[in-house]
Each structure stands twice: as C-alpha cells, then as structure tokens.
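Notes for the one structure printed next.
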Amino acid sequence: MTIPQQDQTRAEDTREHTAETTFPPSPEFIADAIADSGLHDAASADRVAFWAEQSRALLEWRTPFTSTLDWSDAPFARWFADGELNVAENCLDRHVRAGNGDRVAIHFEGANGDTRTITYAQLTADVQRAANMLAGLGVGQGDRVVVYLPLIPEAVVTMLAIARLGAIHSVVFGGFSAESLRARIEDAGAKVVVTADGGWRRGAVSPLKPAVDEALQGEGTESVEHVLVVQRGGNDVAWTERDRWWHDEFAAAEPEHEAQAFPAETPLFILYTSGTTGKPKGIVHTSGGYLTQAAYTHKNVFDMHPEKDVYWCTADIGWITGHTYVVYGPLANGVTQVLYEGTPDEPQPGRWWDLVDSYGVTVLYTAPTAVRAAMKAGRQIPEARSLESLRLLGSVGEPINPEAWQWYRQVIGHDRTPIVDTWWQTETGGIMISALPGVTKLKPGAAQTPLPGIVAEIVDDDGHRVDPGGSGYLTITEPWPAMARGIWGDPDRFVETYWSRFPGRYFAGDGARLDGEGDIWVQGRVDDVMNVSGHRLSTAEIESALVGHEGVAEAAVVGAADETTGQAVVAFVILTTEASEGVDRVSAATELRNWVGKRIGAIAKPRQVVIVPELPKTRSGKIMRRLLRDAAEGRRIGDTTTLADPTIMATIAELM
Ligand code: WTA
C-alpha cells in the first residue's frame, strides 16, 4: 500500500497557503478554560497513571479499580479491569443525586415541529422504566439489542436502558436498507430490535418498521424474539406476534430500577463500520475505558462547563460521533444539549442557526460537509441570525479544508471562537488528535496534536518515524482507554486489519503529514474506504452490491473529490452481454443507483454510474482505480502505459 501521490499533493496545495495564519487562544478564553498545559505535563510524566486519575475524577466507580492497564494480551487491551461501574448510572442517577436533577439534559426539537424539554431527573426516570421494560422482554447482561430509530429522545433512552442492564446495543443508522439491517442483526445475533413506525423528514413520514419486517424475513435473524416499536410517524404498520408497542410496554413497566454494577470490560456496544472488504465490521467497545475517554475528551476538547454551557453535536446516533458525543460524553459530564431530528434547512434555510439562537447554543460540533453546504447556501443566511451565544466550534469526520475552516470561524464564530478539528474513528472510540481550546495555537486545516494521554506517530512505508515536513501513515503507538476491544466474532480480523501493517502499532488507514512544528495534518484514507459527507463507505461493499445485480458483469467504485460532500461515490460498470443489448445507458444507470440504495442504503447511492465497455486493467488483471479517479474528477488521465488496453481510458473519459 502506498499513498496515492496525486491525493497527497492536492491536499498539500490548498493547505500550504494558509498554514501561516494561526490563531492563538484569546486571553478571555484562557481565563475560563477547562484545559491547561498541565494536562500535557501530567500525561507525559506517567501516561497510565494519568488515565487512572482521569477515570477516578470523571466517573463514579462502585468498585474502585486497582489495575489500570493490562496490555499482556495485546492488541486486546483491558483497562480498569477489576473495577465495577454502571454506565447509565454514571450518565444519569449520579447527577440527580448530586442535586442536578432539574438541569435540562435534552432540548429536543422534532423535525415536525414538536419540542420536548427533558431534565436529568426525567431522563433518569425514563431510562429506569425502559430498563424494566427491556428486562421484561428478556433482555439481560450480554444480550444484543439492535436499535433502528430516528434521532428522538427514545433513541437515547433505549441506548442507556440497554447499557443499564449490562446488555449490548448495536445502533443501525436509519438510512441503511433492510438488507444492511438484516446482515447486522444476523452478525450480532440480536434478541430484540427497537424501531419506530417512522421518522419525520421534510414534512413527511419516512417509514422504518417495514425495513425491520423485511429484514426479519431474511436469513439468519431467528435470534430476534421481539420488536419494540416507538410510535413516532403515526403511519400504518403491519403487525406480527413478536411486535410490541413501546408506549404499551413502557406504561406497564415498573418505574424504579436499581442499577447493577458491571466489570469495566463488560461490552457496551457493537457499531458496524465499513472497511476495505465487502463485509462491515462490528467494532466492539466496552464500558469503563470507553466512558473515561468519552468524558475526558468531551470535557477538555469542548471546554465543558456543565452549569452554563448548551452543547450541540449534530451527528446521528447511528454513527460513532452520536454514540460518544451525543450520548455518552455529554451525559457523563452532566451537560445540557440540543437534540434535533431534522435537516439543516427544513422547513426553511437557516433552521440550524435558528436553533442555535433559540437555545443559546454555546458549543457546536459538526462536520465539514455541513459547513461547506452552509457556505454554498450563502453567508446572508447565518448573518441574518445573532449566533452571539457561540463560543467554541468543532469539526469531525473528514479533513476540513482551510477555506471552510476560515468561513466557519468568520461567519459562524464571528472571528472570535476557537475551532477544534478533531480526528478520530469508530475504532478509537473517542477523540485522539485535536487542539485543546485555551492551550493550542490553532492552524486552519490541521488536526494538530495528539491529546494528552495519546501517542501518535507518522511513519513511512517501512514503519520508520518521518521527520517534520514528511508525510506517511498515521499510527498510534500506545494503547488508549476507548480503543476497540475487537471485531465482534472475529478476533483474527481485528489483528489483521489494524495491527499487522506496522507490527506493534495501530494503523488507522489514514495518511498524514507532519509539519515543521510537529503538528499533524490528516490527509484522508489511503485504503479503499471513502468518506462521503463524513460517512464511511467501502468501495468493495458497493462493488459487491453492484455485481449482485443480474445485469452487471463487473464493477469498480472510486471516491471522487466533491465540493460539498468531500468525496462522492462514482461507479464504473460493465453490463453483461445480455443486459447491454439495446440498453438505454441513462435508465440502466438510474436502476443501478437505486439498486445500491436498496442493497446498502440511500447514503451509499453513487453520484454517478458510468456504463463502460471495459475497465482499465493491468496485464495481470488488476483494476487501476487511480485512473478511474482521474476520470471521475475530470483530471488529465495519468500514465496508461501499463494497461492491457491503453486506449480504454480515452473511451471512458468520453463516456463521462
Ligand atoms: C476521517 C468518525 C481528517 C478519517 C469520527 C477517519 C477525519 C475516518 C477527521 C473515521 C478529521 C475523521 N480530519 N479526517 N478531523 N475525523 N476523519 O469511523 O479518514 O466514521 O479514518 O469516525 O474519518 O470515520 P468514522
């Protein structure tokens, strides 16, 4: 594996210009900042002791741990292993006991205009009752529950109720298809599925339960005993014997639930993510270490003052960002947050900014793709709002280009707010590389510094550390509390995927550059993983969906640079002889786009499907994706001399 050369230069080109513009923290920010340089000092003095200290300070342990890190079975880490805690109690009950029950936990804003204000006391009561409800459906320690819900309070309640029981949730994003859902239910061996009749999108109900029904007709889903259905859309749904309405079961459940303490390494959740092969991986996270890093990063990176901040992370709970920075981090820290079901521009452009103003949001965490979409819509939209409450902005999901960074700071942050560009992954569980507001001098476009307690290095092809100014692969050299504990049901794949390319190092799949001051500039994936609107998609998974269509003989998928979504899916397809007879290219392309949507989910639909007579292959039959990417991005096609048929790229370029 080598870093595609043209990607590297492209990334550097845009960034070099602005690298000199830096933003030191303002004296006002420093005066009240949570993080200070003492964190770095403490972590470098004794990294493991530092994490132990953080964990004791941030969480409530029922049985205090005496062992901090056990790395004897590397790369399978055990953190705080002899300690016991209950994750939900840490996110809820203890805040109520500390006298903060009246603090708002969630300001919910539905996509259809309904709102709910939920205090910590109310959320605690709801989760206790929901835990009893799930226990009544047979859910207990170690059982898997698949959650397929819109972004509504019940989703948060469900996740925490599952955690409270020592069971394991696996949230599947509502945009995934019935088939994707089925595969996840099967792999996890889920006992219960929690869903809704439907969710709201742009004034209409988009049904969810039919996908669950379809998934459960598929193979390998016999483990599911019950489907619990939240009434949200009010749409008609088919009903079977295993189905239960949430509101019926909830009303019938006992209100009080005493949380039991579980060992720190009790699995908390499985979250499926795309890799370089066709089959999504079930990333496993456990309790004590994950919650420690969730709380620590949330507090220090977002400068959380729970008594006065109103925090808003725009991610859906179907992604890791929603797990760590909507559910576990903010609630462990007892913070007030906004939860919004809809899109940035419904029912009118600027809805997000209206929400910032109406709730007085102080800290906003979103993805570069959303910033670029707002840029495109025009600055007059946010400029017509106050946005004065904002004091810190965050970015996650993909590299943020310096232009978007500058716009975000100027137009949304009024030239005043720090921006934290946070690099991390589903596998890392929590933020790994980010500026610390109040400490770090900010550089637009760079993720910058490993957080205190994290050790990252950029290495070359041979695994040697690169010097400042050099580029290579981003690796993590020391275990961290929220690291994945494995891939569900496939320990070998975990070792092979992340720990074999550079022995002794975790290799994340990203390329990065180290600048002269030792700051890290993440440059994006160097493998076959695409990043579309901050969502991870695998080229292999989409290719395998395409060749699953009877009319497709061969398919190659690339991620092409896209102004708004970062990357976009472009598919090159050879039809079978039968299918290509008298075919209309446009309708074939439309059919295949929809096919991918049906197989994987709407988020994976290619921006473009190009029907081609042949793919660019070397004489040994290897598809040269680099050339396809050139074509998809409208660039001059690179060197074609090693191709079996050197003329094919001219044909493909013409077809585009
Ligand atoms: C990319 C999302 C550059 C990266 C939390 C990583 C980023 C993948 C950044 C993980 C960032 C995330 N700068 N790239 N600040 N944040 N990425 O698992 O390629 O959905 O490997 O986790 O997103 O995506 P995932």
Side-chain angles (χ1 to χ4, degrees), residues 151 173 271 273-274 283 285 290 293-294 296-304 311-330 335 337-340 344 352 361 363-374 390 392-402 404-405 407-409 412-413 417-437 440 442-451 454 456 474 476 480 482 508-510 512 520-525 529-537 564-567 603:
L151 190 53
F173 177 59
L271 185 58
T273 188
S274 297
I283 301 298
H285 284 287
Y290 170 79
Q293 196 170 332
Y296 160 78
T297 51
H298 182 256
K299 180 176 170 191
N300 289 289
V301 174
F302 299 116
D303 192 51
M304 278 293 118
Y311 162 88
W312 181 20
C313 165
T314 63
D316 189 275
I317 44 126
W319 310 109
I320 190 67
T321 307
H323 282 60
T324 310
Y325 299 107
V326 173
V327 180
Y328 292 109
V335 164
Q337 70 176 317
V338 172
L339 189 76
Y340 171 52
W352 267 19
V361 171
V363 178
L364 177 70
Y365 188 32
T366 192
T369 183
V371 175
R372 289 192 300 264
L390 289 171
L392 174 64
L393 303 173
S395 174
V396 62
E398 57 176 312
I400 180 163
N401 48 312
W405 197 103
W407 189 93
Y408 195 21
R409 176 168 160 110
I412 307 303
T417 62
I419 296 181
V420 286
D421 177 5
T422 62
W423 178 88
W424 61 294
Q425 309 174 300
T426 306
E427 294 86 342
T428 70
I431 297 172
M432 302 291 279
I433 301 177
S434 168
L436 278 179
T440 317
L442 305 170
K443 292 182 185 172
Q448 298 197 284
T449 331
L451 288 181
I454 302 297
L474 180 54
I476 313 292
W480 63 99
D510 282 304
I520 295 174
W521 298 69
V522 180
Q523 295 174 309
R525 307 287 305 194
V529 173
M530 294 170 291
N531 200 322
V532 180
S533 296
H535 301 153
R536 252 168 91 165
L537 295 170
T564 309
T565 59
Q567 280 186 308
I603 50 165

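The first residue in the sequence is number 1, and the count goes up from there. Here the structure is a predicted model, which means the values were calculated and not measured.
To the nearest 0.5 Å, the span separating CG on Leu474 from CE on Met432 amounts to 8.5 Å. Within the model, atoms CH2 of Trp352 and OH of Tyr340 stand 9.0 Å from one another, a figure rounded to the nearest 0.5 Å. If you take CZ on Arg536 and OG1 on Thr426, they are separated by 5.0 Å, rounding to the nearest 0.5 Å. Note that the CD atom of Gln425 and the CG atom of Asp510 stand 5.5 Å from one another [nearest 0.5 Å]. Here Asn401 contributes atom CG and Arg372 contributes atom CZ; the two are 5.5 Å apart, rounded to the nearest 0.5 Å. Rounding to the nearest 0.5 Å places CD1 of Ile283 at 8.0 Å from CG of Leu271.
Using a 4.5 Å heavy-atom cutoff, the side chains of Ile603 and Ser533 are not in contact. At a threshold of 4.5 Å between non-hydrogen side-chain atoms, the residues Thr273 and Glu427 count as touching. Residues Thr324 and Tyr290 are in side-chain contact: their nearest non-hydrogen atoms beyond the backbone lie under 4.5 Å apart. Using a 4.5 Å heavy-atom threshold, the side chains of Leu390 and Val361 count as touching. Inter-residue side-chain proximity for Leu364 and Thr314 is flagged as met; some heavy-atom pair is nearer than 4.5 Å.
In terms of heavy atoms, Val363 sits closest to Met304 at CG2-CE, 3.6 Å. Between Ala315 and Gly322, the shortest heavy-atom distance links the atoms CB-N, 3.8 Å.
Partners of Asp421 by side-chain contact (heavy atoms from CB on, under 4.5 Å), not counting sequence neighbours, listed by chain and number: Ser395, Ile400, Ala447. Every residue was checked against the ring pair (Phe, Tyr, Trp, His ring centres under 6.0 Å) condition with Trp423, not counting sequence neighbours, and none meets it. The side-chain contact (heavy atoms from CB on, under 4.5 Å) test applied to Thr422 returns Val301, Tyr365, Val396, Val420, Trp424, Ile431, Ser434, not counting sequence neighbours. Residues that satisfy the side-chain hydrogen bond (donor to acceptor under 3.5 Å, both in side chains) test with Asn300, not counting sequence neighbours, are absent from this structure. For Arg409, the side-chain hydrogen bond (donor to acceptor under 3.5 Å, both in side chains) criterion is met by no residue, not counting sequence neighbours. Leu151 pairs by the side-chain contact (heavy atoms from CB on, under 4.5 Å) definition with Asp316, Ile317, Leu339, not counting sequence neighbours. The ring pair (Phe, Tyr, Trp, His ring centres under 6.0 Å) check on Tyr311 picks up His298, Phe302, with sequence neighbours excluded. Every residue two or more places apart in sequence or in another chain that forms a side-chain hydrogen bond (donor to acceptor under 3.5 Å, both in side chains) with Thr297 is listed here: Tyr325. Residues meeting the side-chain contact (heavy atoms from CB on, under 4.5 Å) test with Pro450, sequence neighbours left out: Ile454, Ala456, Ile520. Residues that satisfy the side-chain hydrogen bond (donor to acceptor under 3.5 Å, both in side chains) test with Thr565, not counting sequence neighbours, are Asp562.
In this structure a side-chain-to-backbone donor-acceptor pair under 3.5 Å is present from His285 to Ala482. No side-chain donor-acceptor contact under 3.5 Å links Trp319 to the backbone of His535.
Neither side chain, Tyr408 nor Thr417, offers a donor N or O lying under 3.5 Å from an acceptor on the other.
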